There are 4 protein chains.
Amino acid sequence: MPGPPNAVRRSERARSAILTATTELIHELPYAKLSIEAIAARAGVGKQTIYRWWPSKGAVVFDAMLEQDSGPDGPGLPDTGDIRADLRLLLRGSIAALTEPGVEGFLRAMYVEIQQDSDLGELYRERLLRPQRTAITRRLEAGIQAGQLRPDLDLELTLDLLVGPIQYRWSLGVGGLDDAYADALLEAVMATAM
Amino acid sequence: MPGPPNAVRRSERARSAILTATTELIHELPYAKLSIEAIAARAGVGKQTIYRWWPSKGAVVFDAMLEQDSGPDGPGLPDTGDIRADLRLLLRGSIAALTEPGVEGFLRAMYVEIQQDSDLGELYRERLLRPQRTAITRRLEAGIQAGQLRPDLDLELTLDLLVGPIQYRWSLGVGGLDDAYADALLEAVMATAM
Amino acid sequence: MPGPPNAVRRSERARSAILTATTELIHELPYAKLSIEAIAARAGVGKQTIYRWWPSKGAVVFDAMLEQDSGPDGPGLPDTGDIRADLRLLLRGSIAALTEPGVEGFLRAMYVEIQQDSDLGELYRERLLRPQRTAITRRLEAGIQAGQLRPDLDLELTLDLLVGPIQYRWSLGVGGLDDAYADALLEAVMATAM
Amino acid sequence: MPGPPNAVRRSERARSAILTATTELIHELPYAKLSIEAIAARAGVGKQTIYRWWPSKGAVVFDAMLEQDSGPDGPGLPDTGDIRADLRLLLRGSIAALTEPGVEGFLRAMYVEIQQDSDLGELYRERLLRPQRTAITRRLEAGIQAGQLRPDLDLELTLDLLVGPIQYRWSLGVGGLDDAYADALLEAVMATAM
DNA sequence: TATTAAACGAGACGGTACGTCGGGTCTTCGG
DNA sequence: CCGAAGACCCGACGTACCGTCTCGTTTAATA
C-alpha cells in the first residue's frame, strides 16, 4: 500500500519545473488542450510525480497560479485615507488584471474547474477569494471608522456590489470592461454606501 | 468535400432524441463525464448524426438547454406597475433558478464551455443573455416612465448591479444565496436608482 | 418488399459510369482504399444504384475487369500448328499481363476477394478461369492430335504445370518473372509432355 | 514526438495474449470481420498496445501464425535417402496443411494482406517462404549428390513445378487437391528431373 | 401523348471500426 | 524511497464507410 508521499523528500526541482511548465502552457494553449502529459513532458518529469503531489490538473493549475502572484488583485489594498480613491484603484486594477494575458488564462481555467470540482472550488475560495474579500472588508471598515461610509453598511453586500458586476461581465464575455465602467460602478455603489 | 448538410432532410426524431438524451445525462452525470458517445448511445443515434449538426459538445448542451426553457428567468418579466415588487420577483426567481437541479447542471456546463469556446460564448450571449438583459432593461425603462426610478438612471449599470452579485456568488460557490440576500441586494440597488 | 430490380429499366449510363469509375480508381488507389462511396461519387451515381445491381464491392470490380478485357490472356489461344511456339506465346503473354499495370491491380483485387468470398470465387472460376483453362486444354488436345504431345498426357496436370508456377510466383511476389523464366518453364513441361 | 517504444519493457503477457486472441479469432471469424478492436477486447488489452508493437493488422496475424508453427510445412524436410518418397511426403503434407482448418485461415489471411502490403509481403517471403524454399532446395541438392536427380537440374524451377500447381489450385479454389493429385504431380516433375 | 411506376441522384441515418490522444496506474531502473 | 521514464488498460475522440432508408426527379414502358 503506498500511503501518502513523504513531503520531506520531495524534489523542489521537480515541483517548480512542473509549475513553470504549467504556467508556460497555460499561456500557449487553450485550456482544453492542456494535458497532464504535456505538463510532464515540458517539465521533464514523470507523470507519476505530478499525480503523487496533486489530485487533479486543476490543482496543479491552481498552484501554478498562486506561484505567479497571490491572485488577481493581490491580498493587500492601499489605505490612503481616501476610500473613494482606494476603491477606484481596486476596481480599475481588477479589470486590468482580468484582461492581462498573464492572468486571464489562469482565471478562465479556474472558472472551468470550479464549476466541476467542488474540492477545488473550496480551495480557491479559501486561498484566493476569502483573503481578497477580507482585505476589501477591512478597507471598508476603515472607511466607516473614518466617517467616510455609513456605519450600518452591509459590508458583504457592498463588496458583492463592487466586485460582482465586473466578474459577471468578465465571466460571460459581456465586454465593456474599462476604467470608465469601473468609475461608474464605483459611483453607484458609493451612492448607497455613504 | 462534403459541404454543409441539407437541413430539409434532417430527422426530427434524431434531433429531439439527441437533445432529450443530453438533458437526461446532464442531470445524471457530472459534466466532465458527459461524452458525445454517451449521448449518441442514449439517443440511439450514430455519432456522425451529432457531428453533422453540432460543432461541439457544448453546442449540443446549449441547444438541449434552450429546448428545456428559454433560460434561467425566461425572456419575460412581469410588469405589475410596482417596480420594487417586480424586481424582487426577478431576483428571487434568478436565485431559485440557479439552485434548481434541472437548471444548475446546464448553467454550470455553459459556464465551463463559455470560458473555452468564444463562438459558443457569442451564441450564449445572443440567444440567452441579450434577451434577458433586454427584458430587464425594458422593465426599468417602464419604471422610469412611471416615475418610480430616476430618469437619468444608467440602465446597463443598474442591470449589472442587480444581476452581477448573484451570478458572481453562484459561479464561485460563495453561498448565501437566498431570498434574504435577494431582498437586501434589491434594497441597495433601489437606493441608488430612485 | 422491394423484390428484384427490373433489369429492363436499368440505366446503361449509370452502369458504365460505375464500371469506368471503378477502373479508374483501381488504377489510382491501393485496393484497400477503394470504397463503394468513392466509386459512387466518381461515377456521379447514388450508392443505392450500386447496391441495387451488385452484391459486393468485389462483384463490381470483377465486372469492371471483365469490361476491360476478358481476362489475363483472353479466352482465345493461337493455333499455329506449332505447340511449343503457341505455348511460349501463352506463357510469355501471361507474365506480361500479370505485370501490366492496367491488369495487375484488378487481379490483385480479385485475389483478395476470392480468399474471402466464395461466391465471388465461384464466379471468377466460371467466367474467367474455366474459359482460360478450356482454351488451353483444347490447344493441348490439338497438339496430341498433331502428334506433338503424348497421347496419354494428363491435360489438367500439364495445364497446372504451365500456369501454376507463374501464378504462384506472382501472387507471392517471388519475382523473377520474365521471358527467360517462361521459356525455361515451357521446356521443363514439354520434356514431360512429349 | 514519441519515438520507438522500448522493447525491453514490453509486456510479455500482453504480447502473448494478443497473439492467442488473434489465433482464436482467425479460427472463429471470416478474415474480413477480424478487427484490431476485437483482438484487443479478446486479449484484454488496450488498442494502443497493439498499435505500439505492430504496424498493421496483417503484421499481427503474421506473428500469430509464426507463433503457431513455423509455416505450412515447417522448415524441415526429411531425408530418408529416397528422394521420391521424401518429396511425396512434402507434397501430400503441403496439401494437408493447406486444407487443415488451423492453417487455412491464416494462409488465406496472409494471401489477402500480401496482395495489398508489400512490406508484409517481403516479411512473409523472408520469414516463411525463403526458409521453406531453401529446405526443399537442400533436399534436391542431396538428391543430385545421391545420383537420384539430374546433376544439371534447375533447382528453382523444379521447386516451382512442385509447389506452384498446388498453391495455384488452392489460392484460386480450383479444387481437386488430394493425395492422388500430389502423386501425379510428383511423377510428372520426377520425369523431368531424373 | 399522357400516365405511372421504376430507377435514379442525393444524402441522412444507425452502426462498426479506425487510428490517436490522454487519463490514471503500474513497473523498472538510477540516484 | 523519490523521481524519470514510459508501458499498460481504458474511454473517448472525430473520421471514414458500411449498407439501408427516404426523398424528390428523371425516364421509359404502357395505356
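This is a predicted model, so every value here is computed, not measured. Within every chain, numbering begins at 1; the chains are lettered A, B, ... in the order of the sequence lines, protein sequences first and strands thereafter.
- Relative to the six-membered ring of D:W54, D:R10 meets both conditions, a distance below 6.0 Å and an angle of at most 45° to the axis.
- Closest non-hydrogen pair, A:T23 versus A:A64, comes out as OG1-CB, 3.8 Å.
- Nearest-nucleotide positions on DNA chain E for D:K57 and D:V8 put D:K57 closer to the 5' end.
- Sorted by residue number, the members of residues 36-54 of chain B with any non-hydrogen atom under 4.0 Å from DNA chain F read B:I36, B:E37, B:K47, B:Q48, B:Y51.
- Using cut-offs of 30° and 60° for the angle between ring planes, the C:Y111 and D:Y111 rings count as parallel.
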Going through the checks in order, is the salt bridge (Lys or Arg N to Asp or Glu O under 4.0 Å) test met by D:E28 and D:K33?
-> CA-CA 10 Å; D:E28 292 172 20; D:K33 299 272 180 186; over 6 Å; no
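- Under the side chain to side chain donor-acceptor pair (under 3.5 Å) criterion, D:R125 pairs with D:E122, sequence neighbours left out.
- Of all the residues in residues 9-16 of chain B, B:R9, B:R10, B:S11, B:R13, B:A14 reach under 4.0 Å from DNA chain E with at least one non-hydrogen atom.
- Across the protein-nucleic acid pair, D:Y31 atom OH and E:dA17 atom P stand 14 Å apart, rounded to whole Å.
- Nearest heavy-atom pair across D:L128 and D:L66 is CD2-CD2, 3.8 Å.
- The distance from atom CG of C:N6 to atom C1' of F:dT27 is 13 Å, rounded to the nearest whole Å.
- E:dT16 atom C1' lies 16 Å from atom CG of D:L25, rounded to whole Å.
- Taking atom CD1 of residue B:I18 and atom C1' of nucleotide E:dC13, one finds them 10 Å apart after rounding to whole Å.
- With hydrogens and angles ignored, the 3.5 Å screen pairs no side-chain donor or acceptor of C:K57 with any backbone N or O of C:E113.
- Salt-bridge formation is not detected for the pair D:R42/D:E37: no Lys NZ or Arg NE/NH1/NH2 atom is positioned less than 4.0 Å from an Asp or Glu carboxylate oxygen.
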